[in-house]
Amino acid sequence: MSSYFTDLAQQYIDGEWRPGTGSWDIIDFNPYDNEKLASITIATVDEVDAAYRAAERAQKQWAATNPYARRAVFEKALRLVEEREAEISEAIVAELGGTCLKAAFELHLAKEFLREAVHLALRPEGRIIPSPVDGKENRVYRVPVGVVGVISPFNFPFLLSLKSVAPALALGNGVVLKPHQNTPIVGGTLVAKILQDAGLPGGLLNVVVTDIAEIGDAFLEHPVPKVISFTGSDKVGRHVATVCASNFKRSVLELGGNSALVVLDDADVDYAVDAAVFSRYVHQGQVCMAANRVLVDRAVADEFTEKFVAKVKTLKAGDPRDPSTVIGPVINSSQAEAITGVVEQALAEGATALVRGPVTDNLVEPSVLTGLPADSALLKQEVFGPVAFLVPFDGEEEAVRLVNDTPYGLSGAVHTADVERGVAFAKRIDTGMFHVNDGTVHDEPIVPFGGEKHSGIGRLGGDTMLDAFTTQKWISVQHGRSGFPF
């Protein structure tokens, strides 16, 4: 067992590791075997305040630090992640039930985003804008917002914490991170430990392990943070956006999805099957970009369905520590129950189970359902687990209508022999991201990642990090003398 679960089971506030002062503990369990990994006394409202105040104090000097010096911290952090890859991978497998394959996937992306943070430190540039007033010079500076609050989810906690924390820090801000209660180490204190060891000055990054039952909206309402970066469900995201707006804060929301993978009549069926199986079942389907719905033109539906079902039946479920395991456990028992409920509801509505995986504790094996009524609410919602809905369609027009018939708009994919047909199809989908002849699950450090509709507000990645974590300041200089009317 990784020493992380004993060494890092604390709060990290103002550069110090300390226990929380709450009256109860968050117990960190391995979702596969229910082994107790750690016990962390929760942070209170007072500790949230201390974390934000520490970030506020440290941020001013950090913002004034030469960006080349800031860059060096992230270069060191990247080296540390590379050196500790085996231990971090072990922690991902233990804390969130990620398979070895999933841990490698998450670490690969985490390193890519750290590499981008290295460059991001030098990215902000000012501008000089012409003025209609003689003798006036308009300067526009891009400056840090100050302090950023980050709330990260349980599915890719190491990656999705770093994805906001590293750019916000690289751009000169302070940060307070609240990881998900199910992943307090990998999504929280482990990130702090790596950046501490990389030389980040104390106070700049703080981690509070806590629960809404203890702190309410204190993390959101606190007067110090100017931006809240939240990754999670649209239900909670709506609340975060409301509280932020009422407190004049900016929110960056990366929310849920109900993505579709579309197989047109001229698609390479074997390739589309591979893409669809990965897009639905990677990390047990606990991915916001996962292909909840697989839409297949009737011209190829029989062939696709037969091959899709056959491949799903080969997916090995079990202990995520086994390198051959493809399907590990879902994060907790409430998720397992929710997924079971979705399958039972679909069957009650008249769907047919082509595959119905057994459920053992948190190990939910894959299901494939077809024949769901067109008006079923299940086709419009996010299903965060290993359940695929196969939906036949007749022609592109119907496919476009079905893909868009959801409150979400995060990702998606289309398979076709004609790339430009695929691009034309993608342009008609109301979504933030769409992929031609590929899977639905992608993230890259320099592209704008985010969704439309209920899938979020704002983008992260590349230059959009500047929009998320800096603000613009206009300073004018009058080199001559202005004339005033009185």
Side-chain angles (χ1 to χ4, degrees), residues 10-26 28 40-59 144-154 157 160-169 173-192 195 203-255 456-458 460 468-469:
Q10 299 186 75
Q11 312 292 336
Y12 182 65
I13 298 171
D14 204 6
E16 294 180 355
W17 296 95
R18 56 168 104 163
T21 59
S23 58
W24 51 289
D25 292 353
I26 285 175
D28 191 12
I40 305 174
T41 303
I42 63 164
T44 62
V45 171
D46 287 344
E47 277 139 356
V48 171
D49 176 66
Y52 273 129
R53 297 298 176 189
E56 183 181 40
R57 287 192 300 272
Q59 186 269 332
V145 294
V147 174
V148 176
V150 176
I151 303 173
S152 63
F154 66 76
L160 295 177
S161 291
L162 274 173
K163 187 176 177 180
S164 287
V165 167
L169 289 168
N173 299 289
V175 174
V176 179
L177 168 63
K178 189 186 97 61
H180 193 278
Q181 297 92 310
N182 287 123
T183 50
I185 306 296
V186 173
T189 53
L190 174 56
V191 172
L195 287 165
L204 273 172
L205 172 61
N206 303 268
V207 177
V208 289
V209 179
T210 188
D211 189 284
I212 293 170
E214 176 70 27
I215 65 166
D217 284 335
F219 192 89
L220 305 174
E221 292 176 339
H222 197 282
V224 165
K226 300 297 187 291
V227 173
I228 300 291
S229 180
F230 170 82
T231 306
S233 72
D234 59 306
K235 180 183 177 183
V236 179
R238 183 188 298 271
H239 179 73
V240 171
T242 301
V243 174
C244 286
S246 65
N247 286 275
F248 298 97
K249 300 180 191 297
R250 195 191 307 166
S251 58
V252 181
L253 306 174
E254 299 288 341
L255 308 179
I457 297 172
L460 291 176
F469 302 125

Would you list the atom pairs, donor with acceptor, under 3.5 Å between side chains in residues 177-187 and any protein atom, with sequence neighbours excluded?
residue	atom	partner	partner atom	Å
H180	ND1	N182	N	3.0
Q181	NE2	D211	OD2	2.8
N182	OD1	N332	ND2	3.1

Ignoring hydrogens, what is the shortest heavy-atom contact between [X] and [Y]? Give both atom names and the distance.
X	Y	value
R250	V145	NH2-CG1, 3.9 Å
V191	S161	CG2-CB, 4.1 Å
A241	L253	CB-CD1, 3.7 Å
P167	L162	CD-O, 3.4 Å
I215	A43	CG2-O, 3.7 Å

Would you check if the side chain of [X] reaches a backbone N or O of [Y] as a donor-acceptor pair within less than 3.5 Å?
X	Y	answer
Q11	V209	yes
K249	H222	yes
Y12	L190	no

May I have all residue pairs that pass salt bridge (Lys or Arg N to Asp or Glu O under 4.0 Å) and include part of residues 218-242, sequence neighbours excluded?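 Non-adjacent pairs meeting salt bridge (Lys or Arg N to Asp or Glu O under 4.0 Å): zero.
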
Give me each pair satisfying salt bridge (Lys or Arg N to Asp or Glu O under 4.0 Å) with a member in residues 40-59, each pair once, sequence neighbours excluded.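 Found D14-R57, D49-R53, R53-E56.
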
Does a side-chain heavy-atom distance below 4.5 Å link P223 with Y52?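 Sidechains of Y52 and P223: no contact.
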
Validation row: V240, F219 side chains within 4.5 angstrom (heavy atoms):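 Result no, sub-4.5 Å side-chain heavy-atom pair not found.
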
When you look at V176 and V208, which way does the side-chain contact (heavy atoms from CB on, under 4.5 Å) test go after all the steps? CA-CA 7 Å; V176 179; V208 289; 4.0 Å; yes

The criterion is side chain to side chain donor-acceptor pair (under 3.5 Å); which residues satisfy it with D217, sequence neighbours excluded?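 Checked D217 against side chain to side chain donor-acceptor pair (under 3.5 Å); matches are H239.
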
Determine whether W17 and V207 satisfy the following criterion, side-chain contact (heavy atoms from CB on, under 4.5 Å), listing intermediate values before the conclusion. CA-CA 10 Å; W17 296 95; V207 177; over 6 Å; no

Applying side-chain contact (heavy atoms from CB on, under 4.5 Å) to L204 and L169, what does each step give before you reach the verdict? CA-CA 8 Å; L204 273 172; L169 289 168; 4.2 Å; yes

What pairs with E214 under side chain to side chain contact (heavy atoms under 4.5 Å, CB included), at least two apart in sequence or on another chain?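 Testing E214 for side chain to side chain contact (heavy atoms under 4.5 Å, CB included), a comparison that skips the adjacent residues, returns W24, I42, T44, T210.
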
If the test is side-chain contact (heavy atoms from CB on, under 4.5 Å), which one of I151, V148, L460 qualifies with S164?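 It is L460, the one option of I151, V148, L460 that forms the side-chain contact (heavy atoms from CB on, under 4.5 Å) with S164.
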
Under the rule for ring pair (Phe, Tyr, Trp, His ring centres under 6.0 Å), what residues qualify as partners of F230, not counting sequence neighbours?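 Testing F230 for ring pair (Phe, Tyr, Trp, His ring centres under 6.0 Å), a comparison that skips the adjacent residues, returns none.
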
Evaluate the criterion side-chain contact (heavy atoms from CB on, under 4.5 Å) for residue pair I40 and T189; output intermediate values, then yes/no. CA-CA 11 Å; I40 305 174; T189 53; 5.8 Å; no

